[in-house]
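Some notes on the structure that comes next.
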Amino acid sequence: MKKIGIAVTDPDDWTGVSLFNSIEYYGMKPVKFSFNEATSEISSGKIYSGNVDLTALDAVVVRDLGPATHNDVSFRFDILCQLKELGVAVINSPESIAKAANKYVSSFLFQKTGIPTPKTIVTNNLDEALFALSSFRRAVVKPVFGYKGIGVECVRNSESGVQKLKELFKNNRLIYMQEFIPNPGRDIRVFVVNGKVAGSIYRVAPEGGWINNLSRGGSAKPCVLTDEQERLALKASRVIGTVYAGVDIIEGDRDYVIEINGTPSGKGIFEACGVDVTRMIAEYLVSGTNSSPP
Ligand SMILES: Nc1ncnc2c1ncn2[C@@H]1O[C@H](COP(=O)(O)OP(=O)(O)O)[C@@H](O)[C@H]1O
Ligand SMILES: [Mg+2]
């Protein structure tokens, strides 16, 4: 029987619980563990967390890597890479999680492969950032390794906007800034599993807001994708190399891919549409882990 590890921090997390149930449903043995307690014993080569021997697993599904400092993050990625080398299927692959988590890298790859993405500048130079703001007029500044809309700020080319950008620069010394795409007050989250669209939702910003993340008060509504939106989501997932992903699309003068999430929550789409993406992930695990990702 295939033994599948689920890396998850919160034992009650909807996606973690559903992954557990779906893996069982497909006749495999799920085992939860948290990266918060990971140990790698160099002399013996053992890598474990609590009483789970990670090297004995057939596959690991990364629901989340857990809250981490810089040291922790690189340790956790290194463990995933080592497990992969030892023949454990790691889903998503550490390389794809790293590309998706890094907004600079994903923006670069979208542009390179012809996926429409908003104009973006990433710079260590404040003057360059100010110059870009004057051409964007209205811009969105984001942490390069951000998630859940945390630290996402709107900046205008006005006196107070320039002041705000200077403050943001002082704190980080690195600015990732994107033109603001005027949109209908919502964005689209597309779930892609194993090269197919598993489902999609609109995320509607709360009254008076412009950030659509569900964790920032956005609400999930069923969404039917256009062919173009479906094509963009599949391509973004292919370019980043994920087995499962949440692709964020914004509807402006055309559709733009704003980011891809390599460890997305499945809760919103389940509540809005009754689609359980973890079933499709488990289906992939039961049949697909011997073949290479799409
Ligand atoms: N260029 C943009 N134009 C308009 N709104 C944006 C833009 N970029 C992000 N947003 C809004 O901010 C939210 C969070 O941005 P996103 O890039 O998805 O970062 P996170 O990783 O924090 O989810 C998006 O869901 C969208 O509502
Ligand atoms: Mg997002």
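Ligands are counted one by one from 1 in listed order, and the atoms in each one are counted from 1 as well. Keep in mind it's a predicted model, so treat the numbers as computed, not measured. We number each residue from 1, following the sequence as shown.
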*List the steps and the verdict of side-chain hydrogen bond (donor to acceptor under 3.5 Å, both in side chains) for T69 and D72.*
CA-CA 5 Å; T69 62; D72 292 327; 3.2 Å; yes

_Under 4.0 Å to a heavy atom of G146 - the qualifying atoms of ligand 1, by number_ = 21 (O)

*Check each atom of ligand 1 against the heavy atoms of K142 and keep those under 4.0 Å away; list them by number with element.*
8 (N), 9 (C), 16 (P), 17 (O)

_Among E259, E153, Q178, which residue satisfies the side chain to side chain donor-acceptor pair (under 3.5 Å) criterion with K142?_
Q178

*Does NZ or CZ of R76 come closer than 6.0 Å to the centre of the six-membered ring of F35, within 45° of the ring's axis?*
no

*Protein contact to atom 21 (O) of ligand 1 [nearest heavy atom, distance to 0.1 Å]*: K103 NZ, 2.7 Å

*Heavy atoms, side chains only, cut-off 4.5 Å: are T15 and T278 in contact?*
yes

*So which protein heavy atom does atom 10 (N) of ligand 1 come closest to, and at what separation?*
W210 CZ3, 3.9 Å

*For the Mg ion (ligand 2), which N, O or S atom of E259 is at the shortest distance?*
OE2

*Enumerate the atoms of ligand 1 whose separation from the nearest heavy atom of D187 is less than 4.0 angstrom.*
24 (C), 25 (O), 26 (C), 27 (O)

*If we ignore angles and hydrogens, is there a donor and acceptor under 3.5 Å between the side chains of S215 and N213?*
no

*asked:* As an exercise, identify every atom of ligand 1 less than 4.0 angstrom from a heavy atom of G149.
replied: 20 (P), 22 (O), 23 (O)

*Evaluation steps, side-chain hydrogen bond (donor to acceptor under 3.5 Å, both in side chains), between N183 and E251*: CA-CA 6 Å; N183 63 79; E251 307 151 284; over 6 Å; no

*So which protein heavy atom does atom 20 (P) of ligand 1 come closest to, and at what separation?*
E259 OE2, 3.4 Å

*Qualifying residue for side chain to side chain contact (heavy atoms under 4.5 Å, CB included) with V90, from K84, Q82, E85*: K84

*asked:* If the cut-off is 4.0 Å to any non-hydrogen atom of N212, which atoms of ligand 1 fall inside it?
replied: 26 (C), 27 (O)

*Can you list the steps and then say if K170 with E167 is a salt bridge (Lys or Arg N to Asp or Glu O under 4.0 Å)?*
CA-CA 5 Å; K170 223 192 284 171; E167 283 297 314; 3.5 Å; yes

*Find out whether V192 and T242 are in side-chain contact, i.e. whether some heavy atom of one side chain is under 4.5 Å from a heavy atom of the other.*
no

*Among protein heavy atoms, which lies nearest atom 2 (C) of ligand 1, and at what distance?*
V140 CG2, 3.7 Å

_Enumerated ligand 1 atoms positioned under 4.0 Å from heavy atoms of K148_ = 20 (P), 22 (O), 23 (O)

*Which of the numbered atoms in ligand 1 are below 4.0 angstrom from a heavy atom of Q178?*
1 (N), 8 (N)

*Starting from the C-alpha separation in whole Å, work towards a yes-or-no answer on salt bridge (Lys or Arg N to Asp or Glu O under 4.0 Å) for K46 and D53.*
CA-CA 7 Å; K46 281 187 191 149; D53 176 358; over 6 Å; no

*Number the atoms of ligand 1 from 1 as they appear, then name those within less than 4.0 Å of a heavy atom of R203, with their elements.*
25 (O)

*In this structure, which one of D187, I188, D255 forms a side chain to side chain contact (heavy atoms under 4.5 Å, CB included) with I250?*
D187

*Judging by distance only, is a nitrogen or oxygen of I181 under 3.5 angstrom from one on ligand 1?*
yes

*asked:* I'd like the name of whichever of I258, I250, N213 reaches closest to atom 23 (O) of ligand 1 through any heavy atom.
replied: N213

*atom 4 (C) of ligand 1: which of F145, Y176, F180 has the nearest heavy atom?*
F180

*Side chain, backbone, both or neither: which part of N261 has a heavy atom under 4.0 Å from ligand 1?*
neither

_Between D248 and the Mg ion (ligand 2), is there a contact where an N/O/S atom of the residue lies under 2.8 Å from the metal?_
yes

*asked:* Salt bridge check, R189 against D248: does any charged N sit closer than 4.0 Å to a carboxylate O?
replied: yes

*Which of the listed options, R189, R138, E179, holds the heavy atom that is closest to atom 1 (N) of ligand 1?*
E179

